[in-house]
Amino acid sequence: MRYNERLVMFILRNRAPERFAEGGSARGLSAVDQATLKRMRQRWRAEWDAEQAARAEAEQAALTGPTFLEELEQMHRRWYAGLSRRTRAAYREFRRRERADKAAGCMPYADEVAEGEAEYDAGATHDGRAKINLLIEADGIGV
């Protein structure tokens, strides 16, 4: 019979590290400890990945700022706030009538469209607002 002293030393260091291992800790881990360590590493990695994803999302949100539609809505809000009380009331009445026409299924006739375009060309394009504000008003953004 042959004895393997290295194997005996390995077993003693892992089974009773406080007595046989240098510094009182085992150099190797048992199979149970290795499985536990593997599970803990997976959990730590998942937590770390979640933290990194949250950090990247926060950084991206900080870089992008408001969306294009949010900026358009803010521009429309500032435009509306700059109107007088009387003009705001007229604007609200205009939007109310526009919604009522749409709900009633009112579709303008071709001659009414041509008349409206002629009126627009005559005065509405020279009202001093930026073209983007006209787009915002046409889409009803912020209303």
Side-chain angles (χ1 to χ4, degrees), residues 1-110 112-114 116-117 119-143:
M1 178 179 253
R2 267 181 88 147
Y3 294 100
N4 187 337
E5 291 181 19
R6 295 183 113 191
L7 179 59
V8 171
M9 290 170 56
F10 174 80
I11 292 171
L12 289 174
R13 275 196 307 267
N14 284 296
R15 296 289 179 171
E18 61 281 344
R19 286 185 62 196
F20 297 105
E22 294 176 18
S25 63
R27 288 185 184 171
L29 297 174
S30 69
V32 173
D33 291 338
Q34 286 178 352
T36 303
L37 181 60
K38 184 178 178 182
R39 279 194 315 272
M40 291 174 73
R41 281 184 179 158
Q42 289 173 344
R43 189 180 79 222
W44 293 334
R45 181 61 186 212
E47 289 173 2
W48 185 82
D49 287 342
E51 288 174 9
Q52 293 301 314
R55 183 176 295 143
E57 187 177 312
E59 289 174 359
Q60 184 65 27
L63 291 176
T64 58
T67 65
F68 180 68
L69 289 178
E70 290 169 342
E71 287 182 23
L72 287 176
E73 185 177 0
Q74 288 297 327
M75 290 172 65
H76 192 265
R77 186 181 306 270
R78 285 191 298 271
W79 168 81
Y80 183 82
L83 300 175
S84 68
R85 286 184 180 155
R86 195 172 108 200
T87 306
R88 284 195 302 260
Y91 181 77
R92 285 192 305 272
E93 177 61 19
F94 158 72
R95 286 297 187 183
R96 187 191 67 73
R97 288 181 181 210
E98 186 180 50
R99 285 190 302 273
D101 285 349
K102 194 178 283 188
C106 178
M107 296 297 297
Y109 298 107
E112 291 177 334
V113 171
E117 287 178 354
E119 285 179 23
Y120 182 84
D121 291 338
T125 57
H126 308 292
D127 65 359
R129 290 185 290 151
K131 297 233 184 258
I132 189 69
N133 290 334
L134 299 175
L135 170 69
I136 292 168
E137 185 176 343
D139 282 341
I141 298 171
V143 178

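Along the sequence shown, residues carry numbers from 1.
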Decide yes or no for Arg95 and Glu98: does some side-chain heavy atom of the first lie under 4.5 Å from some side-chain heavy atom of the second? yes
Measuring from atom NE2 of His76 to atom OH of Tyr80, what distance do you get when rounded to the nearest 0.5 angstrom? 9.0 Å
Between atom CH2 of Trp44 and atom CG of Leu37, what is the distance when rounded to the nearest 0.5 Å? 6.5 Å
Looking at OG1 of Thr36 and NZ of Lys38, how far apart are the two atoms once the value is rounded to the nearest 0.5 Å? 12.0 Å
Is the count of non-hydrogen atoms from other residues, nucleotides or ligands lying under 6.0 Å from Arg97 atom CZ greater than 12? no
Is it true that Arg45 and Asp49 make a salt bridge, defined as a side-chain N closer than 4.0 Å to a carboxylate O? yes
How many angstroms lie between CD in Glu70 and CE in Met75, if you round to the nearest 0.5 Å? 14.0 Å
Can you confirm whether Arg43 is buried at CZ, in the sense that more than 12 heavy atoms of other residues, nucleotides or ligands lie under 6.0 Å from that atom? yes
Pair Glu51 + Arg55: basic N to acidic O under 4.0 Å: no
Taking the six-membered ring for Trp, are Trp79 and Tyr91 parallel (under 30°), tilted (30 to 60°) or perpendicular (over 60°)? perpendicular
Neighbour count above 12 (heavy atom, 6.0 Å) for Glu57 CD: no
Between Arg77 and Glu73, is there a side-chain N and carboxylate O pair less than 4.0 Å apart? yes
Calculate, to the nearest 0.5 Å, the distance between atoms CD and CD belonging to Gln52 and Glu59 respectively. 9.0 Å
How long is the straight-line distance from CZ of Arg6 back to CD1 of Ile11, given to the nearest 0.5 Å? 14.0 Å
